[in-house]
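Source: prediction; values computed, not measured. By convention in this document, chain letters (A, B, ...) are assigned in the order of the sequence lines, proteins followed by strands, and residues within each chain are numbered from 1.
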Number of protein chains: 2
Amino acid sequence: MKELPKISEAEWEVMKILWSRSPQTANEVIEALEGQMDWKPKTVRTLISRLLQKNAIAFQETGRTYLYYPLVSQDDYVQTETQSFVKRLYGGAVKPLLVHFLREQKLSSDEISELKRILDEKTEEGPDRDGRKDR
Amino acid sequence: MKELPKISEAEWEVMKILWSRSPQTANEVIEALEGQMDWKPKTVRTLISRLLQKNAIAFQETGRTYLYYPLVSQDDYVQTETQSFVKRLYGGAVKPLLVHFLREQKLSSDEISELKRILDEKTEEGPDRDGRKDR
DNA sequence: AATAAAAGATTACATCAGTAATCCAAATGA
DNA sequence: TCATTTGGATTACTGATGTAATCTTTTATT
């Protein structure tokens with residue numbers, strides 16, 4: 001597994017913009033964040049620079065400006081972060097977290113149905129038959 | 001809901017020790033972390049100090065030493081942190097996270113049964129019955 | 001051409017976090 | 001009693017993070 005650079009919370013906001021669409025110029029990113037993050041343009045540029053240093057993003061030069069794009073996938077990130085989060089808060093035990101959510105969060109009945117369906121799938125597979133990723 | 005002080009990752013390790021049993025002396029905490037965190041005793045003491053400053057823990061004096069105990073519950077913490085984590089990574093949408101876990105993690109059939117049971121409860125309650133404001 | 005505007009590079013500065021070491025006062029041991 | 005150990009308080013130092021401003025170089029304006 002490749003090493004994912006650490007991305008701070010502020011940097012994450014920039015990544016989200018680039019994950020949602022890329023490549024984009026710095027100004028486009030700045031605009032996209034406007035009204036939502038209350039950051040000065042220079043701040044966003046700093047974050048972009050840091051993401052470059054971390055090799056989380058890269059750019060293609062087009063004339064005088066750069067077009068930035070992500071080098072890491074959001075999925076990989078979410079996966080990794082979730083893993084370490086669960087480990088940290090729940091000691092790696094996923095069930096307590098699931099129980100927590102199922103109990104505390106409001107889920108629509110559609111969502112509940114879908115979750116049930118997924119659980120059914122798992123039941124069919126059986127708990128000992130481990131290893132396959134079906135998605 | 002009361003304001004929970006921010007607890008860093010290193011501090012969290014100390015909190016876990018105190019949540020697992022309290023009150024404890026600094027030395028007991030240090031010992032409990034030994035072999036697991038590879039921290040010098042002074043480091044642990046620093047973390048304890050910082051947790052004191054943050055009012056995450058407190059102590060009773062007993063002679064020359066202090067007995068430390070948590071001021072915040074682990075549950076409150078897990079709750080709050082989970083909330084902000086999900087918000088940050090999943091845009092506040094819990095379902096994708098649940099789906100992610102149900103799919104990726106290996107759950108025993110017992111666990112699956114329990115989760116199903118919980119989902120059934122929710123179904124009975126109905127999806128429109130909302131009652132809590134969380135933001 | 002001289003000047004202003006704009007993009008990216010560099011520098012800034014405070015706070016937090018990780019990781020301790022040093023200082024001081026009380027208790028303990030010689 | 002004097003030196004040593006030990007608990008807690010204070011101080012230290014590095015790197016990351018939030019949040020920019022300034023500098024430099026190009027390009028667009030007048």
inquiry  = Whole angstroms only, please: what is the NZ-C1' distance between B:Lys54 and C:dT15?
reply    = 11 Å
ask   = Looking at D:dA9, does its base get a donor-acceptor pair with the side chain of B:Arg45 below 3.5 Å?
value = no
ask   = Tell me: CG of A:Leu47 to C1' of C:dT10, nearest whole Å?
value = 16 Å
inquiry  = By nearest atom, which of the nucleotides C:dT19, C:dA20, D:dT19 is closest to the A:Thr46 side chain?
reply    = D:dT19
request  = Classify the angle between the aromatic ring planes of B:Phe85 and A:Phe85 as parallel (below 30°), tilted (30 to 60°) or perpendicular (above 60°).
outcome  = parallel
query = Taking CD from A:Gln53 and P from D:dG18, how many angstroms apart are they, rounded to a whole number?
reply = 14 Å
Check against side-chain contact (heavy atoms from CB on, under 4.5 Å), A:Leu102 and A:Leu115 = CA-CA 10 Å; A:Leu102 295 181; A:Leu115 293 176; 4.0 Å; yes
request  = Whole angstrom is fine here: how far is it from CG in B:Leu67 over to C1' in D:dG8?
outcome  = 14 Å
remark   = Assert: residue with more 5' nearest nucleotide on DNA chain D, out of A:Gly63 and A:Glu11, is A:Glu11
B:Ser8 side-chain N/O to C:dG18 phosphate OP1/OP2 under 4.0 Å = yes
request  = Please determine, for the side chain of B:Lys40, which listed nucleotide (D:dT26, C:dA20, D:dG8) has the closest atom?
outcome  = C:dA20
task = Report which part of the nucleic acid B:Arg64 touches: base, sugar-phosphate, or nothing (heavy-atom distance under 4.0 Å, all strands).
result = sugar-phosphate
key: Side chain B:Lys42 and base D:dG7 donor-acceptor under 3.5 Å   = no
Below 4.0 Å: OP1/OP2 of D:dT6 and any side-chain N or O of B:Asn27 = no
ask   = Once you round it to whole Å, what is the distance between P of C:dA7 and CZ of A:Phe59?
value = 15 Å
request  = Would you kindly compare B:Ser49 and A:Ile7 by the position of their nearest DNA chain D nucleotide and give the one closer to the 5′ end?
outcome  = B:Ser49
inquiry  = Just to be sure I understand the rule, does A:Thr43 reach a base, reach only the sugar-phosphate, or reach nothing, if contact means heavy atoms closer than 4.0 Å?
reply    = base
request  = Look up atom CD in B:Glu11 and atom CG in B:Leu51, then write down how far apart they are to the nearest 0.5 Å.
outcome  = 4.5 Å
message = I need the minimum non-hydrogen distance between A:Ile57 and A:Met15, along with the two atoms involved.
response = CG2-SD, 3.4 Å
ask   = What is the distance from CD of B:Glu9 to P of D:dT17, rounded to the nearest Å?
value = 11 Å
ask   = Between A:Lys6 (NZ) and C:dG18 (C1'), how many Å, whole number?
value = 14 Å
message = Looking at B:Arg50 and C:dT19, is any side-chain donor or acceptor paired with a base atom of the opposite kind under 3.5 Å?
response = yes
inquiry  = I'd like to know whether A:Val29 forms a side-chain contact (heavy atoms from CB on, under 4.5 Å) with A:Tyr68, so could you lay out the CA-CA distance, the side-chain angles of the two residues, the decisive distance to 0.1 Å, and finally the verdict.
reply    = CA-CA 9 Å; A:Val29 173; A:Tyr68 301 93; 5.6 Å; no
inquiry  = Please report the distance, rounded to the nearest Å, between OH in A:Tyr66 and C1' in D:dT25.
reply    = 11 Å
